[in-house]
Amino acid sequence: QVHLVESGGGVVQPGGSLRLSCAASGSIFGINAIGWYRQAPGNERELVARVTGGGGTNYGDSVKGRFTISRDNAENTVYLQMNSLKPEDTAVYYCYARILSGAAYYSYWGQGTQVTVSS
């Protein structure tokens, strides 16, 4: 069994920063992709940032230039550095990972962490 453990959410003022982390633990043979999605009330879940197994990255257009995704050397933890936060960044942020566990790949979601940007 694989678990995704998220941390780092909270309440910040506009222009502030937060760093989210997501650690994957359990029976992990490899990580095909890991990253972050978010969902605000009334909106569909959207890609924030992700890292593929080959090291490539993707960012949502709304966060490019402000957010940075990175991995540690073990490739079982992903970080999202969020700078210059705006009220429209307010959402529940979900860690997502596609993980090789045993002989197959499985998709996992974290429970979500609330990010609120408000004065």
Exercise for review: Would you mind listing every salt bridge (Lys or Arg N to Asp or Glu O under 4.0 Å) that reaches into residues 99-119, with sequence neighbours excluded?
Suggested key: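 Output for this query is empty, none listed.
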Check your understanding: Which pairs with one or both residues in residues 22-31 pass salt bridge (Lys or Arg N to Asp or Glu O under 4.0 Å), sequence neighbours excluded?
Key ->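 Of all non-adjacent pairs touching residues 22-31, none passes salt bridge (Lys or Arg N to Asp or Glu O under 4.0 Å).
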For [X], enumerate each residue passing the side-chain contact (heavy atoms from CB on, under 4.5 Å) test, keeping only those at least two apart in sequence or located in another chain.
| X | answer |
| --- | --- |
| Gln13 | none |
| Val115 | Leu18, Leu20, Met82, Tyr93, Val117 |
| Ile28 | Val2, Ala24, Ile31, Ile99 |
| Gln114 | Thr90, Val92, Thr116 |

Practice item. Under the salt bridge (charged side-chain N to carboxylate O under 4.0 Å, His left out) rule, collect the residues that match up with Glu46, sequence neighbours excluded. Key: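 Result, salt bridge (charged side-chain N to carboxylate O under 4.0 Å, His left out) vs Glu46: Arg38.
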Practice item. List the atom of Ala91, the atom of Ala40, and the distance in Å for their closest heavy-atom pair. Key: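 Reported closest heavy-atom pair: CB-N, 3.9 Å.
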Check your understanding: Where is the tightest heavy-atom contact between Cys22 and Leu4, given as atom of each residue plus distance?
Key ->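 Heavy atoms of Cys22 and Leu4 come nearest at SG-CB, 3.9 Å.
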Review point. Heavy-atom distance under 4.5 Å between the side chains of Leu47 and Trp36, does that happen here?
Key: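 Answer no - side chains too far apart.
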Check your understanding: Looking at side-chain heavy atoms only, is the closest gap between Pro87 and Ser118 below 4.5 Å?
Key ->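 No; the side chains remain at least 4.5 Å from each other.
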**Study point:** Six-ring centre of Tyr79, Arg71 cation under 6.0 angstrom, axis tolerance 45°
**Key:**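 Cation-pi check for Arg71 and Tyr79: fails.
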Review point. According to a 4.5 Å side-chain heavy-atom criterion applied to Ile, Leu, Val, Met, Phe, Trp and Tyr, with indirect links allowed, do Val78 and Tyr106 form part of one hydrophobic cluster?
Key: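 Same cluster.
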**Study point:** Residue pairs fulfilling disulfide (SG to SG under 2.5 Å) with at least one residue in residues 28-69, sequence neighbours excluded
**Key:**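 Of all non-adjacent pairs touching residues 28-69, none passes disulfide (SG to SG under 2.5 Å).
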Please list every donor-acceptor pair under 3.5 Å in which a side-chain atom of residues 49-58 meets a protein atom from a residue at least two apart or in another chain.
unit_1	atom_1	unit_2	atom_2	d
Arg50	NE	Asn58	OD1	3.3
Thr52	OG1	Gly56	N	3.1

**Study point:** Hydrophobic cluster of Phe29, others only, ordered by chain and residue number, side-chain cut-off 4.5 Å
**Key:**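 The other cluster members (ILVMFWY side chains, heavy atoms under 4.5 Å, direct or chained) are Leu100, Tyr105.
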**Study point:** Sequence neighbours excluded, every pair satisfying side-chain hydrogen bond (donor to acceptor under 3.5 Å, both in side chains) that has a member inside residues 18-29
**Key:**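 Of all non-adjacent pairs touching residues 18-29, those that pass side-chain hydrogen bond (donor to acceptor under 3.5 Å, both in side chains) are Ser7-Ser21.
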Point to revise | Asp61/Lys64 salt bridge by N-O under 4.0 Å criterion | key: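 Yes, this pair counts.
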Practice item. Not counting sequence neighbours, which residues clear ring pair (Phe, Tyr, Trp, His ring centres under 6.0 Å) with Tyr37? List them please. Key: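 In terms of ring pair (Phe, Tyr, Trp, His ring centres under 6.0 Å), with neighbours along the sequence ignored, Tyr37 is linked to Tyr96, Trp109.
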Review point. Side chain of Arg66, backbone of Ser84: donor and acceptor closer than 3.5 Å?
Key: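 Checked: pair present.
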